[in-house]
Amino acid sequence: MSLEQNISKALNELYSVQVEPELQETRKEFDGDVTLVVFPFVRAAKKKPEEVAEELGNKLLELSAIADFNVVKGFLNLTLDRSVYVDQFKTFASDPHFGLPTPGSRGAYIVEYSSPNTNKPLHLGHIRNNLLGYSVAEILKANGVAVSKVQIINDRGIHICKSMLAWQEYGNGETPESTGLKGDHLVGKYYVKFDQVYKEEMKRLLDEGKTGDEAKKLAPSLLKAQEMLLKWEQGDAEVVTLWKTMNNWVYTGFNTTYTKLGVDFDKNYYESQTYVLGKDDVNKGLESGVFYKKDDGSVWIDLEDEGLDHKLVLRSDGTSVYMTQDIGTAIQRFKDFDAKGMTYVVGNEQDYHFKVLFLILSKLGYPWAEQLHHLSYGMVDLPSGKMKSREGTVVDADDLIDGMVADAEAISKELGKLDGLEIAAQKELFTTLGLGALKYFILKVDPKKRMLFNPAESIDFNGHTGPFIQYAYARIQSLQRKAPESSELDWSTLTLNEDETIVIKSLLQFSDIVDQAARNFSPAVLANYAYELVKKYNGFYQNNSILKAETEQSIAFRLLLSKKVGEVIKASMNCLGIQVPNRM
RNA sequence: GGCCGUGUAGCUCAACUGGAUAGAGUACUUGACUACGAAUCAAGCGGUUGAAGGUUCGAAUCCUUCCUCGGUCACCA
């Protein structure tokens with residue numbers, strides 16, 4: 001019987017109340033291991049909180065697991081017998097899954113993330129998206145869910161035509177090969193070029209006395225882009241060929257960035273293939289009365305009962321809008337994957353869109369619609385404010401990654417601990433550390449919060465950072481390398497000191513933390529846990545000799561404890577998409 | 001303006017979803033390497049949790065009003 005169950009039983013016997021007590025960790029300024037707040041039971045007990053706590057404490061003392069207790073106001077602090085921790089650690093240490101659910105035992109699930117446009121390279125905002133998406137997928141996997149990662153690539157539309165047009169007119173046949181530019185950067189260059197030309201045209205038209213709206217309809221470059229879009233939709237061979245060529249440049253570029261970032265996908269959806277999908281579903285919904293048609297032929301949904309607005313789902317000319325496509329894509333995905341739910345990793349500027357999308361799918365009667373979730377994350381701000389592509393303040397993903405790796409290299413070389421390590425291995429290490437710093441920096445922040453990124457100060461490698469955790473791991477591996485043949489551990493005679501107990505308590509939380517991170521779709525929970533674990537282990541490491549402990553027994557135990565800490569660090573960091581080095 | 005989110009130490013972030021005296025990092029001041037790796041550890045400094053009310057044994061957390069900052073209210077995506 002668990003401690004909670006025993007407490008529940010005792011409460012029932014003493015005061016005949018039926019409750020499931022919640023234990024919390026005793027704060028370090030008080031004596032004890034776990035604390036029960038007795039306020040919830042004082043009414044039923046009809047006694048003062050202190051009396052209740054005292055009475056309950058005495059009753060629980062009968063249990064062999066309870067060594068002692070003390071009462072502070074309405075708080076009952078229980079001290080567990082150290083053998084409880086020995087037993088629990090023994091169980092923990094023998095389980096390669098750390099008490100986590102069996103992989104795949106909790107059904108299937110879809111995570112959508114990244115979903116970029118194909119007209120410009122990825123930037124810092126995409127990095128937060130990618131890291132969150134990848135990490136949430138890994139966390140769900142660790143928690144027993146079979147996850148499929150997908151993205152939808154926004155490969156069609158007017159914005160794509162803009163870069164195509166600019167390349168056609170000003171590109172002189174440039175290719176990634178001829179320029180040495182990454183494909184996505186090359187295409188992005190012409191997207192910017194289009195914008196410059198368009199702006200000049202607008203300025204001229206406005207100077208000529210046109211209003212803003214008039215100018216927009218007259219700007220030659222935009223007219224040409226629209227004409228190109230039309231040709232694309234009609235399947236014009238030349239336009240389609242150019243479109244395919246330039247998109248492939250972008251995909252090659254994206255894949256390089258994805259590989260560097262260490263993220264991947266199980267299936268890509270392309271908007272050019274899915275944008276018609278939703279139309280059928282809308283028509284079905286029209287028949288069943290979920291949608292209604294206006295006189296001009298446009299199709300809408302009335303969401304006033306939900307406190308929202310009327311929302312367009314099909315244009316009057318019958319073409320689909322973003323919503324149409326998202327309806328179709330969602331339905332398609334649940335046909336492709338037999339999943340119980342899906343989460344979309346998309347910035348919080350689309351909160352309203354997803355609220356509406358989920359409502360629509362629910363009204364259309366799909367059972368999985370109740371299991372849709374929008375992982376809404378905040379913008380990444382710079383010290384100068386928002387990232388603005390037009391003002392050139394965008395932090396490019398590739399530049400950022402390369403910069404972090406270069407920083408890691410500089411710091412590592414200054415510390416000079418890498419003698420004897422091959423150049424290739426060193427390079428790999430700099431990547432591990434640079435990316436570790438970047439990823440940890442971004443993932444430790446609660447997703448829904450806006451976060452500040454200061455590129456000038458770059459990112460720390462000391463303190464609450466990825467490399468701090470990686471360093472602890474590397475030290476443990478060094479320890480293992482130097483360890484003697486470990487003798488058998490006699491669990492029955494093992495005793496624990498305070499530092500060891502603290503580390504064990506932290507290790508035992510791991511599966512709960514993974515579950516909490518999964519429920520909240522929050523890598524930050526796991527990131528902060530890994531840091532806490534390392535801090536506690538470092539405290540232990542500093543005050544206790546491991547290889548020169550007093551007894552063989554102690555050496556063997558501390559080595560095992562260290563090994564397990566290393567494993568949990570690695571598992572936690574891998575859930576964040578962060579690698580750990582054997583030395584650094 | 002309506003709706004959504006956010007506001008915690010100088011700065012960057014926590015706080016197990018209502019629990020005890022709100023914690024870390026950074027910066028600043030100090031101590032610890034002939035030590036299993038100092039990218040470490042230890043100590044000090046730093047707070048009216050945006051403001052005011054309310055709910056209760058107990059509030060950063062829940063409710064009301066106001067304020068800041070951001071997002072969103074397109075036949076754009």
Inset, instruction - With RNA chain B as reference, determine whether A:E532 or A:A524 sits nearer its 5' end, using the nearest nucleotide of each. - result: A:A524
Legend entry - Side chain A:S545 and base B:A35 donor-acceptor under 3.5 Å: no
Inset, instruction - Please determine if A:K535 and A:E532 form a salt bridge, counting it only when a charged side-chain N lies under 4.0 Å from a carboxylate O. - result: no
Inset, instruction - Kindly state whether the pair A:F39 / B:G19 counts as stacked, where counting means centroids closer than 5.5 Å and planes tilted less than 30° apart. - result: yes
Legend entry - Check: B:A20 base within 3.5 Å donor-acceptor of A:N77 side chain: yes
Legend entry - Nearest to side-chain heavy atoms of A:A474, which nucleotide of B:A24, B:G37, B:U40: B:G37
Legend entry - G-U wobble or Watson-Crick pairing nucleotide for B:U26 (cut-off 3.5 Å, both distances): B:G10
Inset, instruction - Take A:Q542 and A:L547, find for each the nucleotide of RNA chain B with the closest heavy atom, and name the residue whose nucleotide sits nearer the 5' end. - result: A:L547
Legend entry - Short N-O contact, A:E29 and A:R27, less than 4.0 angstrom: yes
Inset, instruction - Would you kindly give the NZ-to-P distance between A:K449 and B:C13, to the nearest whole Å? - result: 9 Å
Legend entry - Syn/anti label of B:C33 as read from its glycosidic torsion, with the cut at 90° from 0: syn
Inset, instruction - Round to a whole Å and report the spacing from CD1 of A:I411 to P of B:U40. - result: 11 Å
Legend entry - Any donor-acceptor N/O pair under 3.5 Å between B:U17 base and A:N520 side chain: yes
Inset, instruction - Report the base-pairing partner of B:A59 (Watson-Crick or G-U wobble, both distances below 3.5 angstrom), or none. - result: none
Inset, instruction - Determine the contact category for A:M379: base if any of its heavy atoms lies under 4.0 Å from a base atom, sugar-phosphate if only primed atoms, P, OP1 or OP2 are that close, otherwise nothing. - result: nothing
Inset, instruction - Look at the side-chain N and O atoms of A:K355 and state whether any lies under 4.0 Å from the OP1 or OP2 oxygen of B:C73. - result: no
Inset, instruction - Scan side-chain atoms only and decide if A:N348 and A:R450 contain a donor-acceptor pair under the 3.5 Å cut-off. - result: no
Legend entry - Rounded distance [0.5 Å steps], CE in A:M164 versus OH in A:Y191: 14.0 Å
Legend entry - Worked verdict on A:E428 versus A:Q579 for side-chain hydrogen bond (donor to acceptor under 3.5 Å, both in side chains): CA-CA 10 Å; A:E428 191 185 326; A:Q579 306 299 312; over 6 Å; no
Legend entry - Candidate nucleotides B:A20, B:G71, B:A38, ranked by approach to the side chain of A:R475 - the nearest: B:A38
Legend entry - Selected nucleotide, minimal atom distance to A:L452 side chain, candidates B:U72, B:G37, B:U12: B:U12
Inset, instruction - Report yes or no: is there a donor-acceptor pair, N or O only, under 3.5 Å between the side chain of A:S478 and the base of B:C36? - result: no
Legend entry - Phosphate-side-chain proximity, A:R450 and B:G7, N/O vs OP1/OP2 below 4.0 Å: no
Inset, instruction - Tell me the partner of B:U64, counting only Watson-Crick (N1-N3 plus N6-O4 or O6-N4) or G-U wobble (N1-O2 and O6-N3) with both under 3.5 Å; none if nothing fits. - result: B:A52
Inset, instruction - Syn or anti for B:U26, please, going by whether the chi angle lies within 90° of 0. - result: anti
Legend entry - Side-chain N,O (A:R519) to OP1/OP2 (B:U17) below 4.0 Å: no
Inset, instruction - State whether the aromatic ring of A:F75 stacks on the base of B:A20, taking stacking to mean ring centres under 5.5 Å apart and ring planes under 30° to each other. - result: yes
Inset, instruction - Report yes or no: does A:K355 contribute a side-chain atom to a donor-acceptor pair with the main-chain N or O of A:L308 at less than 3.5 Å? - result: no
